[in-house]
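Being a predicted model, the structure only gives us computed values, none of them experimental. Hydrogens, waters and symmetry mates are skipped; everything else that's a heavy atom, side chains included, is used.
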Amino acid sequence: MRELLDRALGAYLGFAIGDALGATVEFMRPREIKLQYGVHRDIIGGGWLKLPRGQVTDDTTMSLALGEALLQGGHPALINHMNGDDTLIRSIGQAYVTWFKSKPVDCGNTCRRGILRFMHEGTLQGQPNPGDGGNGALMRNLPAVLVTLDNQAHFEQLSLAQARLTHHHPLSDAATLGLGHLLRLLLAGADHAACQAWVSQWVADNPSFRFTPYRGRATAYVVDTVQTVLHYLTLYEDFEAAMVATVNQGDDADTTGALVGMLAGARCGASRLPNRWLRRLNPDVMRAITDQTYGLMALAPSQKGSAHV
């Protein structure tokens, strides 16, 4: 159990590290990053959002909003949801509304549109929409993975339900489930070779996300995001090397950085995350992530340390 908790905390803190590191170079191109920073490798804030050093973006704060709703609902709400009760998903929707009204530093257009639809119509998903193929549902799904580690069916149902509050697109669905399954595998203790093998099979089954040869696109389009994440995650076993390479690709670097940080952090565990980056994270964010990780892990009925993949 201790090792599983270390990997889970590594995933969530790694996510925040990638978010804070990547935010500085979000929307920049690799050549621009090289001209300004050489190799960007320090959490320094700034960027187009002009963030303080160690601050995170909507990737982390929206994940925390989802996690808080899951903690407030507790395990009975999760079970009721699996039996057709929509109370939990409405609570998640309301958590996104509260987050949106708090004036976060950023909010993607598709997330904004979905939250406003929920506010005004109360609907738990919109119609399938070609414009919903962004990475906003994928980026925030970590808490849903942690709280359902004991049950794959619960993971899939909860992940799709929270995703479709804002994004209703087959590629968004596939990416959210795919990276969620990969995270479950890594939390269960898979090493780099097992990660590479799983990714190879998943891409064969989901050819839209094929990333060899890598095209060098790291935009918020969910295909570009996933291709970037899987390219650098499988290329580098070392957490720091994977992270630095990812964010220096630019574009939607806070999200690609966060997702690589999540997966690579699960692979190495919190105890092996670079201290120089942990020390730079906002202390309140670190505390919220730590508390939430332990709370979410405690909600799963099975706490024996095995994530069924």
Legend entry - Electrostatic pair Asp6:Arg272 at N-O distance under 4.0 angstrom: no
Legend entry - Asp251 with Arg29: basic N within carboxylate O range, under 4.0 Å: yes
Legend entry - Short side-chain donor-acceptor distance under 3.5 Å, Tyr214 and Thr228: yes
Inset, instruction - Determine, using the 4.5 Å side-chain heavy-atom cutoff (strictly less than), whether Tyr232 and Leu259 are members of one ILVMFWY cluster. - result: no
Legend entry - Same cluster (ILVMFWY, side-chain, under 4.5 Å), Met286 and Met297: yes
Inset, instruction - Report the C-alpha separation of Leu71 and Gln292 in whole Å, then their side-chain angles, then the decisive distance to 0.1 Å, and conclude whether the side-chain contact (heavy atoms from CB on, under 4.5 Å) test is met. - result: CA-CA 8 Å; Leu71 286 173; Gln292 192 172 104; 3.8 Å; yes
Legend entry - Any side-chain heavy-atom pair of Leu4 and Leu149 under 4.5 Å: yes
Inset, instruction - Name all pairs fulfilling the salt bridge (charged side-chain N to carboxylate O under 4.0 Å, His left out) condition that reach into residues 157-172, sequence neighbours left out, sorted by first residue then second. - result: Arg164-Asp173
Legend entry - In one Ile/Leu/Val/Met/Phe/Trp/Tyr side-chain cluster, 4.5 Å: Tyr37, Met243: yes
Legend entry - Hydrophobic cluster membership, Val25 vs Leu49, 4.5 Å side-chain cutoff: no
Inset, instruction - Only one of Val145, Asn141, Ile92 passes side-chain contact (heavy atoms from CB on, under 4.5 Å) with Leu158; say which it is. - result: Ile92
Inset, instruction - Spell out, yes or no, whether Leu182 and Tyr236 are grouped together once hydrophobic residues are joined by side-chain heavy atoms under 4.5 Å, including indirect joins. - result: no
Inset, instruction - Please indicate whether Arg210 has more than 12 foreign heavy atoms, meaning atoms of other residues, nucleotides or ligands, lying under 6.0 Å from its CZ. - result: no
Legend entry - Pair His192-Gln196, side-chain donor/acceptor within less than 3.5 Å: yes
Inset, instruction - Keeping the roles fixed (side chain from Thr234, backbone from His231), state whether a donor-acceptor pair exists under 3.5 Å. - result: yes
Solution key, residues 112-121 side-chain donor-acceptor pairs under 3.5 Å, sequence neighbours excluded:
residue	atom	partner	partner atom	Å
Arg112	NH1	Asn109	OD1	2.9
Arg112	NH2	Cys107	O	3.1
Arg113	NH2	Asp132	OD1	2.5
Arg117	NE	Thr123	OG1	2.8
Arg117	NH1	Leu165	O	3.2
Arg117	NH2	Thr123	O	3.0
Arg117	NH2	Leu165	O	3.0

